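See below for the structure under consideration.
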Protein chains: 2
Amino acid sequence: MSVAVTIRDVARQAQVSVATVSRALTSPDLVRATTRERVLAVAADLGYQPNLAARGLITGKTGNIGIVVPDLNNPFFTGVLKGVQNQARMASHAVFVADSDEDPAAEEQLVRAMAKQVDGVILCSPGIDEQQVRELADATTLVLLNRRMRGVPAALMNSGSGMRQVVDHLVALGHHRIAFLNGPRTSWSNKERRRGLRIAVQRHDVDLVDMGPFPPRYEGGLQAADLAMAEKVTAIVAYNDIMALGVLARLRDRGVRVPEDVSLTGFDDLMFGALCQPPLTTVAMPVVPAGRLAVDLLLDRLANRDAEVRQDELDTQLIVRATTAPPA
Amino acid sequence: MSVAVTIRDVARQAQVSVATVSRALTSPDLVRATTRERVLAVAADLGYQPNLAARGLITGKTGNIGIVVPDLNNPFFTGVLKGVQNQARMASHAVFVADSDEDPAAEEQLVRAMAKQVDGVILCSPGIDEQQVRELADATTLVLLNRRMRGVPAALMNSGSGMRQVVDHLVALGHHRIAFLNGPRTSWSNKERRRGLRIAVQRHDVDLVDMGPFPPRYEGGLQAADLAMAEKVTAIVAYNDIMALGVLARLRDRGVRVPEDVSLTGFDDLMFGALCQPPLTTVAMPVVPAGRLAVDLLLDRLANRDAEVRQDELDTQLIVRATTAPPA
DNA sequence: ACCGTCATTGAAAACGTTTACTGTGTGTTT
DNA sequence: AAACACACAGTAAACGTTTTCAATGACGGT
């Protein structure tokens with residue numbers, strides 16, 4: 001455990017005042033070149049790293065950003081986290097992460113706890129209610145991810161467009177009766193996907209069977225599969241990949257062939273969709289870019305607090321693999 | 001954006017000195033009950049939250065812990081992260097996370113950058129070399145995850161025991177010639193798994209074909225599958241689940257049936273191993289508990305710096321699913 | 001009545017920075 | 001030659017806490 005080297009140590013060894021050291025490091029143009037170099041050399045030599053806490057105390061900026069997600073085991077959120085991490089590093093910011101275990105109450109508390117230690121927080125919370133989000137936006141600088149709300153900056157993914165691509169694809173294959181397996185009704189994502197789907201469907205001659213809600217997990221898919229088959233649909237659009245995998249497993253157990261007997265699509269493009277058999281047709285969500293974008297929006301907002309509120313939308317992309325085909 | 005309320009505001013409103021407020025919050029028994037209550041009431045009323053940075057400045061403790069992982073997209077590490085997050089929250093610590101993108105150089109730099117802002121860091125770094133880890137251990141309080149090193153606390157998972165269970169299982173099924181597909185040679189995990197395998201194999205009459213190294217990913221499995229089949233083995237033990245999935249896909253494409261023609265095992269028990277077809281026999285790593293344990297070890301060490309170095313080991317568990325069967 | 005103990009509080013120093021404010025000297029303009 | 005601007009560097013105040021030290025008063029024992 002090496003003892004901490006402070007700005008004072010550097011100052012002494014470089015024969016200057018602490019102010020000069022500080023300036024040499026943070027506003028180089030304020031000190032003469034020769035002095036600056038001497039200071040920097042000493043600093044490097046001693047392995048000096050400024051104490052961010054002390055700096056933050058006076059500047060009011062911590063150089064940290066926070067992100068709270070509902071579940072770190074969900075690849076969707078870790079993708080986002082990866083993007084956040086990455087972009088934050090580029091801007092030499094550190095990242096606080098908190099996992100709420102899908103508990104909206106915890107989410108609110110976590111954001112508040114973070115608020116003191118970060119310049120702003122990125123909130124991935126499909127569940128928490130609008131009123132509370134607004135209060136949080138008051139308490140700290142907030143950026144929402146994959147959720148739109150008036151007056152709050154947001155990094156969005158255009159799932160409507162993804163759903164349109166799905167429908168166009170299925171219709172082109174000749175499907176006329178399609179089931180949608182809803183995820184949680186209250187989730188912003190589900191609303192968006194459902195909305196996109198309905199709009200897309202209206203442009204074609206297609207029956208949409210709106211089913212659920214189901215838990216957005218493997219088990220939800222197992223349960224939904226039989227219900228969907230009973231509706232005599234020729235294609236099933238699942239709320240997300242994990243559910244689709246559940247559907248796939250249940251259909252296989254029942255001897256229903258995919259895509260020969262029924263087509264199936266997922267949403268999110270989690271890695272294992274590509275690895276399973278047959279590989280899953282799905283919509284790729286730009287999660288990592290979205291994480292990046294969220295950081296940009298946050299930093300942007302911090303830089304000039306009274307610019308217009310940006311809500312940027314990233315495009316999604318249909319990935320056609322092997323679970324979709326013309327109906328029998 | 002609410003203005004920050006400081007300890008001074010509380011002091012003024014409660015008609016006491018700042019010292020008393022501080023005491024009321026951090027060492028309640030030092031102030032008279034009636035005063036304490038008044039202070040606490042005012043604090044709650046104003047929504048006062050102490051500024052951790054300022055506190056840290058004087059106490060030397062930040063109340064934060066850091067974790068650096070090679071890849072946030074790898075479920076193994078996010079499992080650990082989840083455990084860390086969880087346990088840290090219990091101890092009211094916040095968590096810094098950094099993703100090194102598998103770059104050992106970045107890992108070192110990230111740990112150093114974190115060092116100033118955290119009380120200690122948990123390092124999940126199979127790759128970084130021992131000398132550097134030692135230097136880092138000097139710079140901050142370090143706990144290693146899934147890697148053993150003299151003098152450094154570590155949260156370990158007993159992969160040796162997992163490998164023994166795999167071998168016993170395969171031998172019981174009647175296998176005599178088994179391939180092991182190595183992951184990266186330098187990785188501590190690979191060494192451990194390989195060591196466990198070799199020891200287990202010696203107790204039986206079994207030929208072990210030691211192959212690789214292969215990249216520990218899907219593509220590595222694709223590549224390894226053909227090589228392993230050429231060795232006329234009846235069972236393949238892959239370094240991890242992702243590789244095993246690659247093997248599975250390649251074998252299916254070649255028309256080799258699993259488990260009828262060849263048995264296959266993975267390692268890690270990532271979720272999708274259970275979801276694929278056929279479900280993968282593998283070894284479950286207690287990743288979340290390991291994350292928890294790491295936090296405990298870290299906090300322990302911080303509490304009394306000169307206690308003995310703990311290196312605790314968690315048990316692994318063979319999960320028999322459908323990719324293993326008696327040889328043809 | 002005096003002394004010592006103890007509980008309770010306040011004043012002020014410290015933590016490691018940044019940043020106004022001040023003070024030098026140098027060069028340029030008149 | 002005087003005046004002035006300016007580049008550079010130092011002094012000290014601030015940021016929001018915790019903690020040492022000292023002060024006050026109450027109380028019990030002699």
Side-chain angles (χ1 to χ4, degrees), chain A residues 1-40 42-43 46-64 92 94 113 115-119 140, chain B residues 2-40 42-43 46-64 92 94 113-119 140:
Chain A
M1 190 77 54
S2 61
V3 287
V5 22
T6 84
I7 201 176
R8 237 170 285 273
D9 301 324
V10 179
R12 190 175 325 115
Q13 180 134 356
Q15 319 250 38
V16 294
S17 73
V18 293
T20 304
V21 176
S22 173
R23 281 189 281 249
L25 294 168
T26 61
S27 13
D29 36 328
L30 287 186
V31 359
R32 180 168 33 186
T34 67
T35 333
R36 183 194 330 141
E37 274 158 31
R38 177 157 41 100
V39 171
L40 292 182
V42 172
L46 264 47
Y48 168 72
Q49 304 258 128
N51 179 323
L52 274 344
R55 171 181 297 175
L57 203 49
I58 179 144
T59 60
K61 301 263 147 266
T62 62
N64 301 328
S92 19
K116 304 290 156 186
Q117 299 201 68
V118 301
D119 295 339
T140 182
Chain B
S2 60
V3 288
V5 23
T6 84
I7 200 175
R8 236 169 286 272
D9 301 323
V10 179
R12 188 175 326 115
Q13 180 134 355
Q15 320 249 38
V16 294
S17 72
V18 294
T20 303
V21 177
S22 173
R23 280 189 281 251
L25 293 167
T26 61
S27 14
D29 37 328
L30 286 187
V31 0
R32 182 169 30 192
T34 66
T35 334
R36 184 197 327 145
E37 275 159 30
R38 177 158 40 99
V39 171
L40 293 184
V42 172
L46 265 45
Y48 168 72
Q49 305 256 127
N51 178 322
L52 273 349
R55 173 180 294 176
L57 204 48
I58 181 146
T59 61
K61 301 263 147 265
T62 61
N64 300 329
S92 22
M114 274 186 170
K116 305 290 157 186
Q117 299 201 70
V118 301
D119 295 339
T140 181

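Each chain gets a letter, A, B and so on, in the order the sequences are listed, and its residues count up from 1. Keep in mind it's a predicted model, so treat the numbers as computed, not measured.
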Review point. A:V10 and A:V39: which non-hydrogen atoms are nearest, and at how many Å?
Key: CG1-O, 4.2 Å
Check your understanding: What is the minimum heavy-atom distance between B:V21 and B:A11, and which atoms define it?
Key -> CG2-CA, 3.6 Å
Exercise for review: Report yes or no: do A:N51 and B:Q117 form a side-chain donor-acceptor pair below 3.5 Å?
Suggested key: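 Result is no, nothing qualifies.
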**Study point:** Pairwise distance OG1(B:T59) to CG(B:L52) - rounded to 0.5 angstrom
**Key:**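 B:T59 atom OG1 to B:L52 atom CG measures 9.0 Å (nearest 0.5 Å).
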List the atom pairs, donor and acceptor, that lie under 3.5 Å between side-chain atoms in residues 12-19 of chain B and the rest of the protein, sequence neighbours left out.
from  : atom 1 : to    : atom 2 : distance (Å)
B:S17 : OG     : B:A19 : N      : 3.4
B:S17 : OG     : B:T20 : N      : 3.4
B:S17 : OG     : B:T20 : OG1    : 3.3

Study note, to complete from the structure: Counted 5' to 3', the first and last nucleotides of DNA chain D within 4.0 Å (strictly under) of a heavy-atom of chain A are D:dC8 to D:dG16
Check your understanding: Hey, are the side chains of B:I7 and B:Y48 touching, using non-hydrogen atoms and a 4.5 Å cut-off?
Key -> yes
Check your understanding: Hey, are the side chains of A:V5 and A:Q49 touching, using non-hydrogen atoms and a 4.5 Å cut-off?
Key ->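 In short, these two side chains do not touch, never coming nearer than 4.5 Å.
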Point to revise | With sequence neighbours excluded, residues passing side-chain hydrogen bond (donor to acceptor under 3.5 Å, both in side chains) with A:D119 | key: A:T62
**Study point:** Euclidean distance, atom CZ of residue A:R8 to atom P of C:dA14 [Å, nearest integer]
**Key:** 10 Å
Check your understanding: Between residues 47-63 of chain A and DNA chain D, which residues have a heavy-atom gap below 4.0 Å?
Key -> A:L57, A:I58
Revision key, fill the gap. One would report the end-axis bend of the helix from C:dA1-D:dT30 to C:dT30-D:dA1, five pairs per end and rounded to 10 degrees, as 50°
Exercise for review: For a side chain to side chain contact (heavy atoms under 4.5 Å, CB included) with A:L40, tell me which candidate from A:R36, A:E37, A:R38 qualifies.
Suggested key: A:R36
**Study point:** Close approaches to DNA chain C from residues 13-29 of chain A, in residue order (heavy atom, under 4.0 Å)
**Key:** A:A19, A:S22, A:R23, A:T26
Point to revise | B:T6 or A:R32, whichever maps to the more 5' nucleotide of DNA chain D | key: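 So the residue in question is A:R32.
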Review point. When you measure from the side chain of A:T6 to the backbone N and O of A:R8, does any donor-acceptor pair fall under 3.5 Å?
Key: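 Looks like yes, one N/O pair under 3.5 Å.
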